[in-house]
Amino acid sequence: AQSVTQLGSHVSVSEGALVLLRCNYSSSVPPYLFWYVQYPNQGLQLLLKYTSAATLVKGINGFEAEFKKSETSFHLTKPSAHMSDAAEYFCAVSEVGGNEKLTFGTGTRLTIIP
Amino acid sequence: DARVTQTPRDKVTEMGQEVTMRCQPILGHNTVFWYRQTMMQGLELLAYFRNRAPLDDSGMPKDRFSAEMPDATLATLKIQPSEPRDSAVYFCASGFGGYGYTFGSGTRLTVV
């Protein structure tokens, strides 16, 4: 079975500061990993994905994430937060070669302090 | 950009009524998901299809929910009869394999 744990349901950072959103996964086979962002009253938008190529993945809006197998982590970072980054962020996992069902974490709400 | 289209955008209905939500996946995508999002439960997988065949609907209350893909351009989620606890935002997503999925804008369902 696969699962995702997102540490911190709420994260606040100052504008211009580093953004770090944590995600740890559990999977019995090599995983695909994803980060999605949801703005208020909107659907989920794919930020970036890891599909067993490069371990450092760059996404949209200046975000990136690093796959660390030894730590079973896929943390999301952005060097400098912008007010427009305020949203809810979801980490998700699916299993390579398995049923590829997409399982989400509980989400982290990011607040940007002016 | 290709998008997943969901209708209706908003639905208010009375308890006991039938509700049908529709999803048009992106052409060529072979996997379609239905998720429900609530404050309390977060994102719950209700059902998903690959090549129009249902793979897993264990997340759905079987007595009142049903999901179908009558053709490759349409997925439907029905609730009959609806209950207030079904109030949520229902999302459809489509994709190909494990390479990421595109979500629709959702149907906000309110059952009164």
Side-chain angles (χ1 to χ4, degrees), chain A residues 1-6 8-10 23 25 27-54 57-60 63 65 67 74 87-109, chain B residues 1-10 21 23-26 29-51 53-60 67 88-110:
Chain A
Q2 60 197 34
S3 65
V4 166
T5 301
Q6 291 185 242
S9 58
H10 291 85
C23 172
Y25 70 91
S27 177
S28 56
V29 299
Y32 292 138
L33 293 160
F34 310 88
W35 276 99
Y36 283 85
V37 60
Q38 185 178 32
Y39 298 101
N41 298 316
Q42 294 188 25
L44 281 77
Q45 180 182 5
L46 182 65
L47 269 180
L48 50 80
K49 59 190 178 190
Y50 166 76
T51 56
S52 74
V57 181
K58 295 187 184 298
I60 62 172
F63 284 93
F67 172 69
F74 191 58
E88 185 124 22
Y89 292 80
F90 293 91
C91 183
V93 63
S94 68
E95 294 186 342
V96 176
N99 58 28
E100 296 178 353
K101 181 171 63 175
L102 194 60
T103 301
F104 282 91
T106 52
T108 297
R109 182 170 300 277
Chain B
D1 284 345
R3 57 178 60 188
V4 174
T5 303
Q6 289 187 248
T7 56
R9 188 76 169 93
D10 289 278
M21 290 170 269
C23 169
Q24 181 177 356
I26 293 172
H29 284 183
N30 70 344
T31 304
V32 174
F33 293 94
W34 281 105
Y35 284 90
R36 175 170 63 184
Q37 186 177 36
T38 61
M39 290 291 292
M40 294 300 295
Q41 301 297 328
L43 281 159
E44 300 175 276
L45 178 64
L46 296 176
Y48 75 109
F49 297 80
R50 179 152 303 132
N51 298 320
L55 285 190
D56 187 349
D57 62 1
S58 59
M60 271 193 332
V89 181
Y90 291 80
F91 288 107
C92 174
S94 73
F96 189 83
Y99 292 94
Y101 297 93
T102 302
F103 279 73
S105 298
T107 293
R108 182 176 299 275
L109 175 64
T110 304

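First the proteins, then the strands, lettered A, B, ... as listed; each starts at 1. For the numbers below, each heavy atom of this structure counts, side chains included, while hydrogens, waters and symmetry mates do not.
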Kindly compute the distance separating [atom1] ([X]) from [atom2] ([Y]), expressed to the nearest 0.5 Å.
X       : Y        : atom1 : atom2 : value
B/Asp56 : A/Lys101 : CG    : NZ    : 4.5 Å
B/Thr31 : A/Leu102 : OG1   : CG    : 10.5 Å
A/Leu44 : B/Thr102 : CG    : OG1   : 11.0 Å

* Looking only at heavy atoms, which two atoms of A/Gln42 and B/Phe91 are closest? And how far apart? -> O-CZ, 3.8 Å

* Structure fact -> For B/Arg9 and A/Asn41, the nearest pair of non-hydrogen atoms, with its separation, is NH2-O, 3.1 Å

* Indicate the ring-plane relationship of A/Phe104 and B/Tyr35, choosing parallel, tilted or perpendicular according to the 30° and 60° boundaries. =>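 Answer is perpendicular, since the angle exceeds 60°.
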
* Asked: Given that the side chain runs from C-beta out, which part of B/Gln37 has a heavy atom under 4.5 Å from chain A: side chain, backbone, both or neither?
  -> side chain

* **N/O donor-acceptor pair under 3.5 Å between A/Tyr36 side chain and B/Tyr101 backbone** =>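 Flag set: sc A/Tyr36 to bb B/Tyr101 pair under 3.5 Å.
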
* Asked: Given that the side chain runs from C-beta out, which part of A/Leu46 has a heavy atom under 4.5 Å from chain B: side chain, backbone, both or neither?
  ->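 Just its side chain gets close to chain B.
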
* To do: Would you mind checking which part of A/Gln38 comes under 4.5 Å of any heavy atom in chain B, side chain (CB onward), backbone (N, CA, C, O), both or neither?
  =>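 Side chain only.
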
